[in-house]
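Everything below concerns the one structure shown next.
The residues of the chain are indexed from 1 along the displayed sequence. Computation of the quantities below employed the complete heavy-atom set of this structure, encompassing side-chain atoms and omitting hydrogens, waters and symmetry-equivalent molecules.
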Amino acid sequence: MLNCNGFSLDLSRPRVMGILNVTPDSFSDGGRFFDPGAAREQALRMEEEGAAVIDVGGESTRPGAPEVPLEEELRRVVPIVESLRSILKVPISVDTSKPEVMRRAVAAGAGLVNDVNALRADGAVETVAELDVPVCLMHMQGTPRTMQHSPRYNDVVAEVKAFFEERMAACRQAGIAEERLLLDPGFGFGKTLEHNLALLRDLEKFTDLGRPLLVGISRKSMIGAITGRETGERLPGSLAAAVMAVERGARLVRVHDVAATVDALEVAWAVMDKGKGSSKNSGCPSGTGKSRHFQSRK
Ligand code: 9MG
């Protein structure tokens with residue numbers, strides 16, 4: 001069980017992270033939730049559909065996206081985190097690489113840091129060490145501006161694994177307990193289709209690092225490259241990838257289409273025979289949401 005700033009997140013079985021982009025330019029839903037009212041409605045809808053975490057991001061990480069200045073990212077993210085904190089029963093994650101945004105979002109109620117840059121920005125690792133919330137370390141080759149120019153690896157799986165080991169060591173040295181870490185191979189972040197497929201095929205190799213795996217494949221270009229579909233038509237392909245990731249050990253799946261993914265993972269988990277007594281309809285508590293134990297620690 002992860003303690004997410006007063007909310008608990010149980011990753012003893014696969015869960016869904018709902019994407020809430022408060023940006024004008026994200027690749028699939030850019031601009032739709034830029035308005036605070038629309039963002040709140042979408043967050044509540046995703047929670048109702050079964051999301052265990054809502055991931056709020058104020059800077060697009062699509063290939064070639066421009067950088068967002070600190071003040072603008074704070075203006076987009078902090079008020080929405082503040083307003084969601086009192087209406088959601090599930091934790092909020094903040095998708096950022098900027099230490100000041102991490103600090104201010106957690107002060108506003110965010111319970112998890114999702115960093116596509118794996119705390120490599122100046123001051124990020126020290127900031128998270130002080131914050132006492134879990135953090136997702138994602139692998140990326142290059143930056144969102146440059147990452148798809150010509151990604152190269154000798155052995156993508158081995159190199160991503162070595163990256164995780166290096167970042168886990170950096171966190172340990174900074175005083176971040178290993179129990180607070182999640183790992184994500186970063187599908188589409190400085191990877192060709194072949195690299196993405198190799199990572200998904202061999203995802204299980206990362207499980208021996210002992211930390212929960214997060215994956216984000218929803219509607220991404222790898223699904224488009226395989227199926228020939230536009231972003232709005234990639235749900236079936238995204239579900240197939242989510243199920244295969246869970247079968248290989250993923251415990252958190254970052255998606256746009258929460259209801260459909262929750263159902264797909266429910267079926268996958270039942271088939272995997274690890275869900276005895278823990279499926280949605282088996283009478284077991286969902287395992288997510290506000291926890292008195294964690295709230296009393298605050
Ligand atoms: C913010 N963001 C976009 N894609 C992502 C992915 O694949 N993983 C994580 N952790 N964050 C992502």
**Report entry** Atom pair CD1 (Ile54) and CZ (Arg40), whose distance is rounded to the nearest 0.5 Å
**Finding:**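 Reported to 0.5 Å precision, the distance equals 14.0 Å.
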**Report entry** Verdict with reasoning, Met17 to Val253, per side chain to side chain contact (heavy atoms under 4.5 Å, CB included)
**Finding:** CA-CA 6 Å; Met17 168 186 264; Val253 182; over 6 Å; no
Tell me whether [Y] is reachable from [X] by hopping between hydrophobic residues (I, L, V, M, F, W, Y) whose side-chain heavy atoms are closer than 4.5 Å.
X      : Y      : answer
Met46  : Leu239 : no
Leu213 : Leu197 : yes
Val94  : Val68  : no

Just wondering, are more than 12 heavy atoms of other shown residues or ligands nearer than 6.0 Å to [atom1] in [X]?
X      : atom1 : result
Arg229 : CZ    : no
Arg120 : CZ    : yes
Asp208 : CG    : yes

Would you mind checking if [Y] and [X] are paired as a salt bridge, meaning a charged N to carboxylate O distance below 4.0 Å?
X      : Y      : answer
Glu178 : Arg211 : no
Arg219 : Asp257 : yes
Arg45  : Glu48  : no
Arg254 : Asp184 : no
Arg15  : Asp10  : yes

State, with a plain yes or no, whether a side-chain heavy atom of [X] is found less than 4.5 Å away from one of [Y].
X      : Y      : value
Val81  : Val77  : yes
Val246 : Leu265 : yes
Thr96  : Glu73  : yes
Val157 : Phe206 : yes
Lys220 : Phe189 : yes

Closest heavy-atom contact between [X] and [Y]?
X      : Y      : result
Ile217 : Ala241 : CG2-CB, 3.8 Å
Ala51  : Val90  : O-CG1, 3.5 Å
Leu252 : Val53  : CD1-CG2, 4.2 Å
Ala245 : Leu203 : O-CD2, 3.5 Å
Ala39  : Ile80  : CB-CD1, 3.6 Å
Lys191 : Leu199 : CE-CD1, 3.8 Å

Requested in this report: Before giving the answer on side-chain hydrogen bond (donor to acceptor under 3.5 Å, both in side chains), spell out for Asp95 and Asn114 the whole-Å C-alpha distance, their side-chain angles and the decisive distance to 0.1 Å.
Outcome: CA-CA 5 Å; Asp95 153 23; Asn114 174 26; 4.5 Å; no
Using modelled atom types and a 3.5 Å cut-off, is there a donor and acceptor pairing between side-chain atoms of [X] and backbone atoms of [Y]?
X      : Y      : result
Thr227 : Ile223 : yes
Gln42  : Leu20  : no
Arg145 : Gly64  : no
Ser221 : Gly224 : no
Glu159 : Asp155 : yes
Asn5   : Leu112 : no
Arg180 : Val128 : yes

Report task. State which residue, out of Val133, Leu119, Val135, fulfils the side chain to side chain contact (heavy atoms under 4.5 Å, CB included) condition with Met102. Result ->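 Checked Val133, Leu119, Val135 against Met102; only one passes side chain to side chain contact (heavy atoms under 4.5 Å, CB included): Leu119.
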Query raised in the report: Please walk me through it: do Thr127 and Arg103 pass side-chain hydrogen bond (donor to acceptor under 3.5 Å, both in side chains)?
Result: CA-CA 7 Å; Thr127 297; Arg103 196 185 300 283; 3.3 Å; yes
Report task. For salt bridge (Lys or Arg N to Asp or Glu O under 4.0 Å), just list the numbers for Arg201 and Glu194, CA-CA rounded to whole Å, side-chain angles, deciding distance to a tenth of an Å, and then say yes or no. Result -> CA-CA 10 Å; Arg201 199 174 292 126; Glu194 289 314 312; 5.2 Å; no
Requested in this report: Evaluate side-chain hydrogen bond (donor to acceptor under 3.5 Å, both in side chains) for Asp115 paired with Ser97, printing each intermediate quantity in order.
Outcome: CA-CA 5 Å; Asp115 185 2; Ser97 298; 2.6 Å; yes
Requested in this report: Apply the test side chain to side chain contact (heavy atoms under 4.5 Å, CB included) to residues Val255 and Ser238: give CA-CA distance (whole Å), side-chain angles for both, the deciding distance (0.1 Å), then the verdict.
Outcome: CA-CA 9 Å; Val255 305; Ser238 303; over 6 Å; no
**Report entry** Parallel, tilted or perpendicular: ring planes of Tyr153 versus His139, cut at 30 and 60 degrees
**Finding:** tilted
Report task. Run the numbers on Thr23 and Glu59 for side-chain hydrogen bond (donor to acceptor under 3.5 Å, both in side chains), then give the verdict. Result -> CA-CA 6 Å; Thr23 56; Glu59 177 173 40; over 6 Å; no
